Amino acid sequence: MTMFSELATKIEQRNARIGVVGLGYVGLPLAAHAGKRGFQVIGLDTSPGKVETINRGESDVDDVPSEVIAHLRESGHFEATTDVRRLRACDVVIICVPTPLNKTRDPDMSYVERAADDIARTLRTAQLIVLESTTWPGTTEEIILPRLEATGLKVGEDFFLAFSPERIDPGQTSSKGYTVDNVPKVVGGVTPACVEIASAFYSHITSQVVPVSSPRVAELTKLFENVFRNVNIALVNELALLCDRMGISVWEVIDAAATKPFGFMKFAPGPGWGGHCIPIDPFYLTWKAHEFGFNTRFTELAGEINVQMPRHVRELTIRALNQHSKALRGSHVLLLGVAYKPNVADYREAPVFKIMELLEEDGARITSVDPHVAEFQAHDGQTYVTTPLSDDLLQSADCAIIVTNHDGFDYQHIVANSQAIVDTRNATRDVREGREKIISL
Ligand SMILES: NC(=O)c1ccc[n+]([C@@H]2O[C@H](COP(=O)([O-])OP(=O)(O)OC[C@H]3O[C@@H](n4cnc5c(N)ncnc54)[C@H](O)[C@@H]3O)[C@@H](O)[C@H]2O)c1
């Protein structure tokens, strides 16, 4: 029996043991989903606290209910560990570790490198290794492959290697109905056998697998998807800045344009980009493009526009206070929402940090409110605590800024009880009373 057929049979019978390296926003939903499909899953994470939480049957990721983890723990389908040696027992190993930027805003590949080194130490025949972390085109073949082949095992014969990008939309899975099983999965293998076996595995996890000719194509596909969002967000943010000067509601323009049934896709302006993907992934492409003597100008221009938005929010706040003959200095400003998008607790790279910095620079006193976030940490390690929303708080603040349009906020009530409001998300679109208090982006 070849290594290929040995592994293919295990996958076909769902006897394959799955190892997921990195149990965060991407890894935990994937591990839970594989467990629900009947695979035995071992989750590896460097954080002992996370491993303990999961093994207690609890989840710390919005889209994975604790009941699901508890059920998988009881049925024996899922176990978390910090012990990398356990990877040797896994037939399929999926890497879901972070790919952030370093201090000079270049790709920080240290997490991927460490995961690849751990996997190389435990590599054996008939294993499939898949990288899911978002990264520059070439990572799988330039960073992972040499480490694995240094063991003496041969890719495509002894073991198999592929890249398959994650496409989850954290916090939106239940509202929009997109889950791991109904979003098509792009797969690129280092050899034809690699793409075939990886596609066979993912066909047990998701309803549609899209094989492509190489890992580089799959890696670039993911970056292109995120750059596409980045550029379109910048375009609509630029339109918002122009509309502000022209005295036209950008929201009305977007809604009207969105009635065109073809050739238009709706994007919303906002207080600035946020999250782990849109502000970071374009730099991965830009960095790699430089190796080819190429400047990704659209991507860089989009970044320039998107980073301006918190400054525009400050301008709108000054305008809102001015209507009440107040200055920013000494004013009490309420930030409604810390998370970078609605209905999640994720505040990574959220625009709230820059907005806070700018308002504080001008002497404002800030209180932040977020029903999903109890406390949050800035890059410099400073921890901020959020305050529960109350009528007293709304009434005492000189201005409230809607930074995140969480569904849990009662916008009618917020408008009724606030002195002045800056709405950066058009969250108050249906509020009829008190509109004179609102300044919209
Ligand atoms: N969050 C998203 O919406 C999203 C969507 C698509 C793709 N991605 C990509 O997926 C990757 C993971 O992102 P995430 O949001 O899940 O990150 P995360 O920070 O939520 O989780 C990563 C986990 O990996 C663990 N970890 C780090 N190094 C490790 C190692 N060597 N071995 C084992 N565990 C390790 C960390 O402790 C953490 O629990 C990134 O490349 C990201 O760009 C994220």
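Everything numeric in this text was worked out from a predicted model, so none of it was measured. Note that ligands are numbered from 1 as they come in the structure, with each ligand's atoms numbered from 1 the same way.
Salt bridge status for E219 with R216: absent, with no side-chain N to carboxylate O gap under 4.0 Å. One finds a salt bridge joining R121 and D118 here, because a Lys/Arg side-chain nitrogen approaches an Asp/Glu carboxylate oxygen to under 4.0 Å.
Set against the non-hydrogen atoms of K50, the atoms of ligand 1 under 4.0 Å away are 39 (O). Close approach of ligand 1 to L44 (heavy-atom distance below 4.0 Å) involves ligand atoms 33 (C), 34 (N). Counting atoms of ligand 1 from 1 in the listed order, those under 4.0 Å from a heavy atom of T99 are 40 (C), 41 (O), 43 (O). Every atom of ligand 1 with a heavy atom of V97 under 4.0 Å away is listed here by number and element: 11 (C), 12 (C), 28 (N), 29 (C), 30 (C), 35 (C), 40 (C), 41 (O). Close approach of ligand 1 to P98 is summarised as follows: ligand atoms under 4.0 Å from at least one heavy atom of the residue are 19 (O), 22 (C), 24 (O), 27 (C). Here is the list of ligand 1 atoms found below 4.0 Å of a heavy atom in S133: 11 (C), 41 (O). Taking every non-hydrogen atom of V21 and a distance limit under 4.0 Å, the qualifying atoms of ligand 1 come out as 32 (N), 33 (C).
Closest of all the heavy-atom pairs between V20 and G27 is CG1-O, 3.7 Å. Among all heavy-atom pairs drawn from D45 and T82, the shortest one is O-CG2, 3.2 Å.
When only non-hydrogen protein atoms are considered, atom 26 (N) of ligand 1 lies nearest to T46 OG1, 3.5 Å. Nearest protein heavy-atom contact of atom 21 (O) of ligand 1 is G24 CA, 3.2 Å. The protein atom (non-hydrogen) at minimum distance from atom 7 (C) of ligand 1 is T134 OG1, 3.3 Å. Of all protein heavy atoms, the one closest to atom 42 (C) of ligand 1 is H276 CD2, 3.3 Å. Ranking protein heavy atoms by distance to atom 25 (C) of ligand 1, first place goes to D45 OD2, 3.2 Å. Nearest non-hydrogen protein atom to atom 5 (C) of ligand 1 is C277 SG, 3.8 Å. Given atom 3 (O) of ligand 1, the protein heavy atom at minimum distance is P170 CG, 3.0 Å. Of the protein's non-hydrogen atoms, the one nearest atom 24 (O) of ligand 1 is G22 CA, 3.2 Å.
In this structure, R348 has a heavy atom closer than 4.0 Å to ligand 1.
Side-chain atoms of H77 never come within 3.5 Å of backbone atoms of Q40 as a donor-acceptor pair (strictly under, hydrogens ignored). Not one N or O on the side chain of N226 forms a donor-acceptor pair closer than 3.5 Å with the backbone of D281.
With sequence neighbours excluded, the residues that form a side-chain contact (heavy atoms from CB on, under 4.5 Å) with D346 are Y25, Y340, V344, R348. Considering only residues two or more places apart in sequence or on other chains, H71 meets the side-chain contact (heavy atoms from CB on, under 4.5 Å) condition with none of them.
Of the N or O atoms in V26, one or more lie within a sub-3.5 Å distance of an N or O in ligand 1. Close N/O approach between E132 and ligand 1 is not found [any backbone or side-chain N/O within under 3.5 Å]. Ligand 1 has an N or O atom lying under 3.5 Å from an N or O atom of Y25, backbone or side chain.
Relative orientation of the F4 and F160 rings is perpendicular, given thresholds of 30° and 60° on the angle between their planes.
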Full working for side chain to side chain donor-acceptor pair (under 3.5 Å) between T81 and D83: CA-CA 5 Å; T81 180; D83 184 357; 5.1 Å; no
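At a 4.0 Å heavy-atom cut-off, ligand 1 touches K222 through the side chain alone. The backbone of C96, and not its side chain, has at least one atom closer than 4.0 Å to an atom of ligand 1 (non-hydrogen atoms only; backbone = N, CA, C, O). With a 4.0 Å heavy-atom cut-off, ligand 1 is reached by no atom of P165.
The aromatic ring centres of F201 and F39 sit less than 6.0 Å apart.
Annotation: the span from D106 atom CG to N102 atom CG amounts to 5.0 Å, rounded to 0.5 Å.
Within the 4.5 Å cutoff, the side chain of V209 has heavy atoms near those of the T206 side chain.
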